[in-house]
Amino acid sequence: MLEVDKHINQILQDNLKKIETKFEADCIFYYGEIHPFYERAFRDVIEELKADGEAKDRCVIILNTPGGSAEASEKLVDIIRHHYKEVYFIVPDYAMSAGTIICMSGDKIYMDYSSSLGPIDPQVLIGTDYVPALGYLDRVEAMIEKSNKKELSVVEFAKFQSLDLAILESYEQAKKLTVDLLKSWLVKYKFKTWTHHKTNNIGSPVTDAQKEERARKIAEDLGNNKLWFSHEKHWN
């Protein structure tokens, strides 16, 4: 089994080298949950790459993740952008939720016909599990609307009374952080080469206000779980 593992590892290393040569970049493969626990290890890998005398100013990250923490996403991007001027993401399978947030910080995103990103419903750690925050916020909003119409059932009223307002506030903060990160990163990185319009008003300069408005719309659409219906819904 050790020989098999060694052989697989060698194949992976060879293919990473090919990608590095193709993009003239350092290359990292990230597989798994976006969690604060991995921040230190991720930073160590980046710093080890940059300590190499042949380190590049461009980094390619092959990302495969079911999602995780928005706060951890921000930290990982801070680490990457501290060391690299250009960052490309390759999504071979899927980068959901927090993975999608991270991808929005890239200068370029590479996907194929079966690759998937997903709605950016922020994930909040409850105990040992992450739960989608927007589902809770939507449910509270629905109960408030029913209460205003005097349609709230006894069971729903009891459930509403048991809600922890501090936890709900943390969900709101997670939602706001997610939208703010996308708006900031899209304008700063993804849209930095978007200088002239190619569809409407072809050839006219793109203003900072137009970049910010486009980023706001993308962030709102990706964070609108009423549009996507499910945290697990994929789009490509």
Side-chain angles (χ1 to χ4, degrees), residues 5-6 8-52 54-125 128-130 132 174 177-178 181-182 184-186 188-190 222 231-232 234-236:
D5 290 344
K6 183 178 179 181
I8 292 173
N9 184 64
Q10 186 60 53
I11 292 174
L12 291 172
Q13 292 298 323
D14 290 344
N15 281 292
L16 285 176
K17 288 294 183 184
K18 290 178 182 178
I19 293 173
E20 288 181 335
T21 301
K22 172 69 176 178
F23 288 98
E24 298 181 338
D26 292 332
C27 186
I28 300 169
F29 180 65
Y30 189 109
Y31 180 91
E33 191 176 51
I34 308 297
H35 193 285
F37 177 80
Y38 304 120
E39 291 172 7
R40 179 62 182 268
F42 185 82
R43 189 192 72 181
D44 290 346
V45 168
I46 295 288
E47 290 182 348
E48 184 177 340
L49 280 174
K50 294 301 291 185
D52 189 330
E54 299 180 357
K56 311 293 194 305
D57 288 330
R58 178 184 298 146
C59 182
V60 174
I61 299 176
I62 305 170
L63 182 62
N64 194 316
T65 177
S69 164
E71 290 84 355
S73 299
E74 182 180 23
K75 185 67 173 180
L76 296 186
V77 171
D78 285 345
I79 292 170
I80 298 165
R81 285 296 179 174
H82 178 79
H83 291 284
Y84 291 98
K85 294 180 180 179
E86 283 189 295
V87 180
Y88 298 169
F89 287 95
I90 298 176
V91 183
D93 295 311
Y94 56 87
M96 307 302 293
S97 188
T100 298
I101 297 172
I102 290 177
C103 284
M104 295 300 122
S105 74
D107 296 274
K108 295 182 180 180
I109 305 171
Y110 292 88
M111 304 168 64
D112 69 9
Y113 73 95
S114 65
S115 302
S116 299
L117 299 179
I120 55 168
D121 187 348
Q123 303 293 287
V124 180
L125 188 62
T128 58
D129 298 316
Y130 278 104
L177 173 63
T178 298
L181 289 177
L182 257 70
S184 173
W185 290 342
L186 284 170
K188 187 175 182 179
Y189 303 120
K190 194 72 173 68
L222 284 175
H231 173 68
E232 298 300 329
H234 296 194
W235 56 276
N236 52 33

Derivation of the side-chain contact (heavy atoms from CB on, under 4.5 Å) call for Y110 and V91
CA-CA 6 Å; Y110 292 88; V91 183; over 6 Å; no
Report the C-alpha separation of L76 and I34 in whole Å, then their side-chain angles, then the decisive distance to 0.1 Å, and conclude whether the side-chain contact (heavy atoms from CB on, under 4.5 Å) test is met.
CA-CA 9 Å; L76 296 186; I34 308 297; 4.1 Å; yes
Mind running side-chain contact (heavy atoms from CB on, under 4.5 Å) on F23 and I90 for me, showing each step along the way?
CA-CA 11 Å; F23 288 98; I90 298 176; 4.0 Å; yes
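Atoms CH2 and SG, from W185 and C103 in turn, are 10.5 Å apart once rounded to the nearest 0.5 Å. Separating the CG atom in L117 from the CG atom in L222 is a distance of 8.0 Å, to the nearest 0.5 Å. Here the CE-OG1 distance, from M104 to T178, works out to 12.5 Å after rounding to the nearest 0.5 Å. Rounding to the nearest 0.5 angstrom, the gap separating the CD atom in E74 from the OG atom in S69 is 9.5 Å. Going from atom OG1 of T100 over to atom CZ of F89 covers 11.0 Å, rounded to the nearest 0.5 Å. Here the CE atom belonging to M111 is positioned 10.5 Å from the CG atom belonging to L63, to the nearest 0.5 angstrom.
The closest donor-acceptor contact from the side chain of S105 to the backbone of V77 lies at 3.5 Å or more, if one exists at all. Judged by distance alone, the side chain of T65 and the main-chain N or O of G99 form no donor-acceptor pair under 3.5 Å.
Listed by first and then second residue, the salt bridge (Lys or Arg N to Asp or Glu O under 4.0 Å) pairs that reach into residues 79-97 are R58-E86, R81-D107, sequence neighbours excluded.
In terms of the side-chain contact (heavy atoms from CB on, under 4.5 Å) criterion, residue partners of L12 (sequence neighbours excluded) are, by chain and number, I8. A search for salt bridge (charged side-chain N to carboxylate O under 4.0 Å, His left out) contacts involving E39 returns nothing, not counting sequence neighbours. Residues forming a side-chain hydrogen bond (donor to acceptor under 3.5 Å, both in side chains) with N9 (at least two apart in sequence, or on another chain): none. Listed by chain and residue number, Y30, H35 satisfy the side-chain contact (heavy atoms from CB on, under 4.5 Å) test with Y38 (two or more places apart in sequence, or in another chain). The side-chain contact (heavy atoms from CB on, under 4.5 Å) check on C59 picks up I28, I61, Y84, with sequence neighbours excluded. Residues satisfying the salt bridge (charged side-chain N to carboxylate O under 4.0 Å, His left out) test with K17, not counting sequence neighbours, are E20.
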Side-chain polar contacts of residues 41-51 - donor-acceptor pairs under 3.5 angstrom, sequence neighbours left out - could you list them?
unit_1: K50; atom_1: NZ; unit_2: K56; atom_2: O; d: 2.8
unit_1: K50; atom_1: NZ; unit_2: H83; atom_2: O; d: 3.3

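Minimum interatomic distance between G32 and P66 (heavy atoms only, all atoms of both residues): O-CD, 3.7 Å. Nearest approach of C27 to L16, heavy atoms of both residues: SG-CD2, 3.4 Å.
I19 places a side-chain heavy atom less than 4.5 Å from the side chain of I62.
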